[in-house]
Amino acid sequence: QVQLVESGGGLVQAGGSLKLSCAASGRTFSTGTMGWFRQAPGKEREFVAAISWSGGNTYYAYYADSVKGRFTISRDNAKNTVYLQMNSLKPEDTAVYYCAATLKGGGYMYRDLKTYDYWGQGTQVTVSS
């Protein structure tokens, strides 16, 4: 049984930083894509960042325009874990953050929720002004 477990959420002031982690168990995603999405109250779940295998030891990172330059996604395949370093946080970053994973690599439709086969339970990030 595949499980994705997020951690690292919390309350932070605007301008602060948080690092989210997502540990996968049950199968490896080293040749697939792992991503982060978020959902604010009353809004649809939206893409934040993804990191996708592109052959050999190459991975590409993709970001939503709203977080580019502030967030960094990374992965540790030995730990089957993906991270999201969030800097310069803004109140509009407040949301539940979800980790997602798929065996599809190559950046295949990484922004689309339907691409991902597995989801975590979410972790709350609250940024106060």
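Computed over heavy atoms, backbone and side chain alike; hydrogens, waters and symmetry mates excluded. Because the structure is predicted, anything quoted here is derived from the model rather than measured.
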> Compile the donor-acceptor pairs under 3.5 Å between side chains in residues 91-108 and protein atoms, sequence neighbours left out, one pair per line.
unit_1	atom_1	unit_2	atom_2	d
D93	OD1	R38	NH1	2.9
D93	OD1	R70	NH2	3.0
D93	OD2	R70	NH1	2.7
D93	OD2	R70	NH2	3.4
D93	OD2	K90	N	2.8
T94	OG1	P91	O	2.9
T94	OG1	V127	N	2.9
T94	OG1	V127	O	3.4
Y97	OH	R38	NH1	2.9
Y97	OH	D93	O	2.6
T102	OG1	K104	N	3.2
T102	OG1	T115	O	3.3
T102	OG1	D117	OD2	3.2
K104	NZ	T115	O	3.3

> Quick check on the hydrophobic clustering: are Y116 and L113 connected, directly or via other members, by side-chain heavy-atom contacts under 4.5 Å?
yes

> Taking the side chain as every heavy atom from C-beta outward, state whether Y110 and S52 have any pair of such atoms under 4.5 Å apart.
no

> Are M109 and Y59 linked, directly or through intermediate hydrophobic residues, by side-chain heavy-atom contacts shorter than 4.5 Å (ILVMFWY only)?
no

> Applying the 4.5 Å side-chain criterion to the ILVMFWY set and letting contacts propagate, would L89 and I73 be lumped into a single cluster?
yes

> Do T28 and N77 come close enough that some side-chain heavy atom pair is under 4.5 Å?
no

> Applying a strict under-4.5 Å side-chain criterion to I, L, V, M, F, W and Y, I'd like to know whether I51 and L18 cluster together.
yes

> Do you know which of R45, E44, E46 makes side-chain contact (heavy atoms from CB on, under 4.5 Å) with F37?
R45

> Do E6 and W36 come close enough that some side-chain heavy atom pair is under 4.5 Å?
yes

> Taking all atoms of both residues into account, what is the closest heavy-atom pair of R75 and G32, and its distance?
NH1-O, 3.4 Å

> Just so I know, are the side chains of L20 and M86 near enough to count as touching, which here means a heavy-atom distance under 4.5 Å?
yes

> Considering non-hydrogen atoms only, spot the tightest contact between R111 and A64 and give its length.
NH1-CA, 4.2 Å

> Using the benzene-type ring in the case of Trp, are the ring centres of Y118 and F29 under 6.0 Å apart?
yes

> NZ/K68 to OG/S66 distance, rounded to the nearest 0.5 angstrom?
9.5 Å

> Take a 6.0 Å sphere around CG of N57 and say whether it holds more than 12 heavy atoms from other residues, nucleotides or ligands.
no

> Cluster question for you: counting only ILVMFWY and a side-chain heavy-atom cut-off of under 4.5 Å, with indirect links fine, are V48 and L4 together?
yes

> May I ask you to check whether Y63 and F71 place their ring centers less than 6.0 Å from one another?
no

> Does T81 reach the main-chain N or O of K79 with its side chain, forming a donor-acceptor pair under 3.5 Å?
yes

